[in-house]
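Lettering of chains follows the sequences in order, A, B, ..., and the numbering in each one begins at 1. Values below: all heavy atoms of this structure, side chains included; hydrogens, waters and symmetry mates excluded.
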Amino acid sequence: MDSGQPLFSKGMKFNTEQDVDLEELCPVCGDKVSGYHYGLLTCESCKGFFKRTVQNNKKYVCAENKECRIDKDQRKRCPFCRFQKCLYVGMRLEAVRADRMRGGRNTFGPMYKRDRALKQQRKALIQAGSFSLESSPALVYSANQIDTGGLQPDSILHPSYFVHNSPLPTAQVSYQRSSLCSPGSSHDQSPQDAAEGLYTNPDKPDSSSPQGPKMPQLVTEFLLCDPDELQLQTKISARLQQEQTSWRKHGNTSTFRLLCLMADQTLLSIVEWARTSIFFRQLKVSDQMKLLYSCWSELLILDIISRQVLYGKEGSLLLVTGEEVHFSNIPFHAGPTLYSLIQRGLKLVEKLHILKVDRQEFACVKFLILFNPDVKDLEEHQFVERVHEQAKGALLEYTLCNLGHFTHLLLCLSELRSLSTLAEDYLCCRNLSGEMPCNNLLIEMLHAKCSMP
DNA sequence: GTAGCCTTGATC
DNA sequence: GATCAAGGCTAC
């Protein structure tokens, strides 16, 4: 018998250096965590559940309305909602090994190490008693304001997780220190109050804004939520390189597989952006999931398109990895749907280019898409509607009340929606013909959207 | 099917 | 050699 592992069963797996982990609760069901599993700290039962589901490619159906509460006592009742929650909190499909090889370490090692270091840092801060309102207002804001949907304070979905545990992009750190920290901002407010509070006085210029006095404050806030493009590029490139090396070993490389993985990684970054974004993180988890399931494809296409408009060169496609692919190298023989998608996408890029849409406007558009009040059965429908209106107002103000420009932008949004529907259909077809790689977030999103009311 | 315990093996 | 996150086994 291995001398190290059995200690776990006796509750001794974590030494004093790691005992901070023992205090954590499983982000899926709230049970005690037993270690890092498939990307984050979870309990033993959710680890096993996730493994069984992915390995056996299980498909569940929810007998209720896909909003079942998942806790320690009820986690067995609805595997559909449990698996959705596993994915939502960040359990990684790709960490389940297709070859079922035992032992060893996966590529998440450094991520676990970073997470541990951050938790240690947090523990040290708590012990030092430095969490005063003045020194860490973002934490106070989070803890007071956000409906955690019944989750424990140490859950990955709890706002304090985002503040302390997520590898936030640099812009986000600035955001934590900006308006939310200022006196009279959103402490102790309801989500509704917060939505209004940040944008109650558009006439008053935001002097702290680095973009100058004409920038509406809300646009600045939206912009600060955006991840750093270079960091994203590095992260996704590294991930793709690892995957390609592994594929070459098994002799199963294909351009389509690579594109799926690229889209998958981009989607992960989009989910991470949403979860850490202003307003969105104040929503109940069930509403967050509904909104994301409804708009993931639009956000994915917008991500690709905005990259071309902001950083791309004429005649080539700029990938999220920073690589440029000349149009002559894009396989136009790939089928009529893909061909049509590319052509329409290019036209939209051209339109947005002519309109000179900038980062600020794209940041607003992302929020307009995310906070879609037409999504059914939202618990906080009013809040979503209000954020949508606020985002629209901020965009209009930013475009200097140029109704023509604003209307053109909104028209582009409807074309974007149509494109995303086409893209989903295309992916569904490829999936049905068994061409999509396994353990892909894209597929999960497709399934989730198909099963939405 | 679930979940607690056990084995494995790459990495440190 | 120790660690620990994978997969496996098995009582329930």
Looking at [options], which one has an atom nearest to any side-chain atom of [X]?
| X | options | answer |
| --- | --- | --- |
| Lys51(A) | dA5(C), dT2(B), dG7(C) | dG7(C) |
| Lys76(A) | dA5(C), dT2(B), dC9(C) | dT2(B) |
| Lys58(A) | dG7(C), dG1(B), dA5(C) | dG1(B) |

- Any donor-acceptor pair under 3.5 Å between the side chain of Arg97(A) and the base of dA5(C)? no
- Message: Is it the case that the base of dG4(B) and the side chain of Lys47(A) share a donor-acceptor contact (distance under 3.5 Å, atom types as modelled)?
- Response: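 No.
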- Item | Touch class at under 4.0 angstrom, heavy-atom based, for Lys72(A) against every strand present | nothing
- Arg82(A) near the nucleic acid: base, sugar-phosphate alone, or nothing, with a heavy-atom cut-off under 4.0 Å?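 Sugar-phosphate only.
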- For Asp303(A), which residues count as a side-chain hydrogen bond (donor to acceptor under 3.5 Å, both in side chains) partner, sequence neighbours excluded?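 Residues passing side-chain hydrogen bond (donor to acceptor under 3.5 Å, both in side chains) with Asp303(A): Arg307(A).
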Restricting to salt bridge (Lys or Arg N to Asp or Glu O under 4.0 Å), what partner residues turn up for [X], sequence neighbours left out?
| X | answer |
| --- | --- |
| Arg75(A) | Asp31(A) |
| Arg359(A) | none |
| Arg52(A) | none |

- Can you sort out the partners of Ile304(A) under side chain to side chain contact (heavy atoms under 4.5 Å, CB included), two or more places apart, ordered by chain and number? Gln308(A)
- Message: We want to know whether Thr53(A) and Arg82(A) form a side-chain donor-acceptor pair, criterion being a heavy-atom distance below 3.5 angstrom.
- Response: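 No, because no side-chain N or O of Thr53(A) sits under 3.5 Å from a partner of the opposite role on Arg82(A).
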For [X] and [N], give me the distance from atom [atom1] to atom [atom2], rounded to whole Å.
| X | N | atom1 | atom2 | answer |
| --- | --- | --- | --- | --- |
| Phe49(A) | dG4(B) | CZ | C1' | 17 Å |
| Tyr36(A) | dA10(B) | OH | P | 23 Å |
| Glu44(A) | dT2(B) | CD | P | 15 Å |
| Met91(A) | dA5(C) | CE | C1' | 12 Å |
| Ile70(A) | dT2(B) | CD1 | C1' | 14 Å |
| Asp99(A) | dA10(B) | CG | P | 11 Å |
| Asn56(A) | dG1(B) | CG | C1' | 10 Å |
| His37(A) | dC6(B) | NE2 | P | 15 Å |

- Task: Answer yes if the ring centres of Phe367(A) and Trp273(A) are under 6.0 angstrom apart, and no otherwise.
- Result: yes
- Task: Determine to 10° how strongly the helix from dG1(B)-dC12(C) to dC12(B)-dG1(C) is bent, judged from the axes of its five-pair ends.
- Result: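 Here the local axes at opposite ends form an angle of 10°.
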When you check the phosphate oxygens OP1 and OP2 of [N], does a side-chain N or O of [X] lie under 4.0 Å from one of them?
| X | N | result |
| --- | --- | --- |
| Tyr60(A) | dG1(B) | no |
| Tyr112(A) | dA6(C) | yes |
| Arg52(A) | dT2(B) | yes |
| Gln55(A) | dA6(C) | no |

- Closest contact, heavy atoms only, Phe371(A) versus Val384(A):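 Scanning both residues, the minimum pair turns out to be C-CG1, 3.8 Å.
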- Please tell me which of Gly103(A) and Arg75(A) maps to the more 5' nucleotide of DNA chain B, matching each residue to the nucleotide holding its nearest heavy atom. Arg75(A)
